[in-house]
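Below: the structure, in structure tokens.
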There are 2 protein chains.
Amino acid sequence: MVEATRRRAIEDVASDLFRERGYAATSVRDIARALSIQGPSLYAHVTSKEDVLWAIVDRAASRFEAAADLAEAKASAARPGDPAEAIAELVRAHVRVVTDDVGEASVFVHEWRSLGTDRRAAVLARRDAYEARFRRHIEAGISTGTFAMTDFAIASTVILSAINGVATWYDPGGRLPADRIADHLVDLTLRTLEASR
Amino acid sequence: MVEATRRRAIEDVASDLFRERGYAATSVRDIARALSIQGPSLYAHVTSKEDVLWAIVDRAASRFEAAADLAEAKASAARPGDPAEAIAELVRAHVRVVTDDVGEASVFVHEWRSLGTDRRAAVLARRDAYEARFRRHIEAGISTGTFAMTDFAIASTVILSAINGVATWYDPGGRLPADRIADHLVDLTLRTLEASR
DNA sequence: GTGGGTACCTAACGATCGCTAGTTAGGAGG
DNA sequence: CCTCCTAACTAGCGATCGTTAGGTACCCAC
């Protein structure tokens, strides 16, 4: 792993440690040890431990947002007004963001709770907005009859659980390549949603 | 909340705190404060902080196992050899265990990583065995043609993510009662699995 | 009334926490 | 040669961590 800056190298090892043990259970000295330096030396590059967490979470959030922007634009261009196409592209984009950097994505999904009040509220709002994109297309699909399920809220929450879960179980060295996993996730998601196939 | 023993009261408030902030971010004094006593006073009832976590995780694991035993027996009696019936009962049982005590279930799902090496390995083995019950019936359904999906491993993992996710988002004061949520989860799970409906 | 059990207290231990201060070494550019 | 930047160091601060020790008050059974 060759990073552009030392700061980025710190965030990368911190991502992995936060993912494995959690933010609270990872000490500043743990992060330093993974870089073969002393604990206090980190403070030449970062202003606080929470700042490192914030940088990771913020970057992950931005990646999810940018990927969703592209996905929605792509779906809208290919098959405008088709909720299944929009959901498919959103799911595919989500999986790609996760598989591109599991550590970062995993920290975004699980460790945002450890942020201070203001930052936690900010990232929660962005998370809600991100998830609302999925819910919007699911709702649209229901109203057009493309999708059919007995409860909109439960269905969207279950689907979001399932795709967020990828960050928990994805293994870069696993059996399937990332894009094949994305294919299966898209298939399973539409299976859950669609009225008929 | 009226507990039989003081020990149990400690575990109950610890469940809630571990769920909200995580094990590492919850101090012994936090648990004590929630019971309006001093931190060290807890040690008249427990031998260590990790012991409290273990008690919670162990009890939750036992509840999941017992519920799954009953579910499989019930499905086998009602419709023997029907994988859809077995999965439906397993999902229903899982949701019931979660909704009966969200704090405990949530700690079982998320905080087992904070256990020491031996206990972590033990609970992981029980978790694998529990999940294997679901995978077994899914696999049986595929071989009989009841279920149809492109990848068995991904499909089971996604479904397990979805039902484990209930422990994260379930709110006892929410819109739907627990058994209605279970109905929807069963519906969505079978939707994901079944070849035709 | 007295002995034992239950439930709690205060004081304090050693370890570790996040972080600050002050310093040193090496390399690049004027 | 001198300066500046980057990147690291050691020493140590105050706070908090999990935990132990020793003691007090109450309650119930004998």
Side-chain angles (χ1 to χ4, degrees), chain A residues 1-58 107 110-120, chain B residues 1-58 107 110-120:
Chain A
M1 210 190 299
V2 181
E3 284 86 10
T5 65
R6 200 68 174 128
R7 164 74 193 227
R8 180 56 192 261
I10 292 170
E11 292 171 12
D12 283 346
V13 307
S15 287
D16 291 340
L17 291 173
F18 291 166
R19 186 190 187 204
E20 288 164 26
R21 319 179 195 178
Y23 175 78
T26 304
S27 76
V28 168
R29 288 169 179 90
D30 287 335
I31 301 170
R33 190 176 307 116
L35 292 159
S36 302
I37 63 177
Q38 296 299 314
S41 301
L42 278 180
Y43 286 84
H45 308 282
V46 307
T47 66
S48 74
K49 184 190 173 188
E50 199 204 293
D51 237 61
V52 176
L53 175 59
W54 170 248
I56 296 166
V57 168
D58 182 47
V107 170
H110 293 115
E111 304 297 331
W112 58 270
R113 296 165 182 271
S114 300
L115 288 167
T117 312
D118 290 350
R119 284 169 162 175
R120 185 171 63 243
Chain B
M1 212 189 304
V2 181
E3 283 85 11
T5 66
R6 200 69 174 129
R7 164 74 192 226
R8 179 57 191 263
I10 292 169
E11 291 171 12
D12 283 345
V13 308
S15 288
D16 290 340
L17 291 174
F18 291 167
R19 185 191 186 202
E20 289 164 26
R21 321 180 194 178
Y23 175 78
T26 304
S27 76
V28 169
R29 289 168 178 89
D30 288 335
I31 301 170
R33 189 175 307 117
L35 293 159
S36 302
I37 62 176
Q38 296 298 315
S41 301
L42 278 179
Y43 285 83
H45 309 280
V46 307
T47 67
S48 73
K49 184 190 174 189
E50 198 204 292
D51 237 61
V52 176
L53 175 60
W54 170 248
I56 297 167
V57 168
D58 182 46
V107 170
H110 293 115
E111 304 298 331
W112 58 270
R113 297 165 182 271
S114 300
L115 288 167
T117 312
D118 291 349
R119 285 170 161 175
R120 186 171 60 244

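Keep in mind that what you see is a predicted model, and the values were worked out from it rather than measured. Here is how names work: the chains are called A, B, and so on, in the same order as the sequence lines, proteins then strands, and each is numbered from 1.
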Inset, instruction - Would you kindly give the CG-to-P distance between B/Leu42 and D/dT20, to the nearest whole Å? - result: 13 Å
Legend entry - For B/Arg120, salt bridge (charged side-chain N to carboxylate O under 4.0 Å, His left out) partners two or more places apart: none
Legend entry - Lys/Arg-Asp/Glu bridge criterion (N-O < 4.0 Å) met for A/Asp16, A/Arg19: no
List, with names and distances, any nitrogen or oxygen atoms from the protein found under 3.5 Å away from nitrogen or oxygen atoms belonging to nucleotides 23-28 of chain D.
none

Legend entry - Residue pairs fulfilling ring-ring contact (aromatic ring centres under 6.0 Å, His included) with at least one residue in residues 29-48 of chain B, sequence neighbours excluded: none
Legend entry - Least distance between heavy atoms, A/Ser15 atom then A/Val107 atom: O-CG2, 3.5 Å
Inset, instruction - Please list, chain by chain and in numerical order, all residues satisfying salt bridge (charged side-chain N to carboxylate O under 4.0 Å, His left out) with B/Arg119, sequence neighbours excluded. - result: B/Glu50, B/Asp51
Inset, instruction - Not counting sequence neighbours, which residues clear salt bridge (charged side-chain N to carboxylate O under 4.0 Å, His left out) with A/Arg29? List them please. - result: none
Inset, instruction - Could you tell me which non-hydrogen atom of B/Ile37 sits nearest to which non-hydrogen atom of B/Arg6, and how far apart they are? - result: CG2-NH2, 4.0 Å
Inset, instruction - Starting at the 5' end of nucleotides 8-21 of chain C, put B wherever the base has a protein heavy atom under 4.0 Å, S where only the sugar-phosphate does, and a dash everywhere else. - result: BBBBB----BBBB-
Legend entry - Side-chain donor or acceptor of B/Asp12 paired with backbone N/O of B/Ala9 under 3.5 Å: no
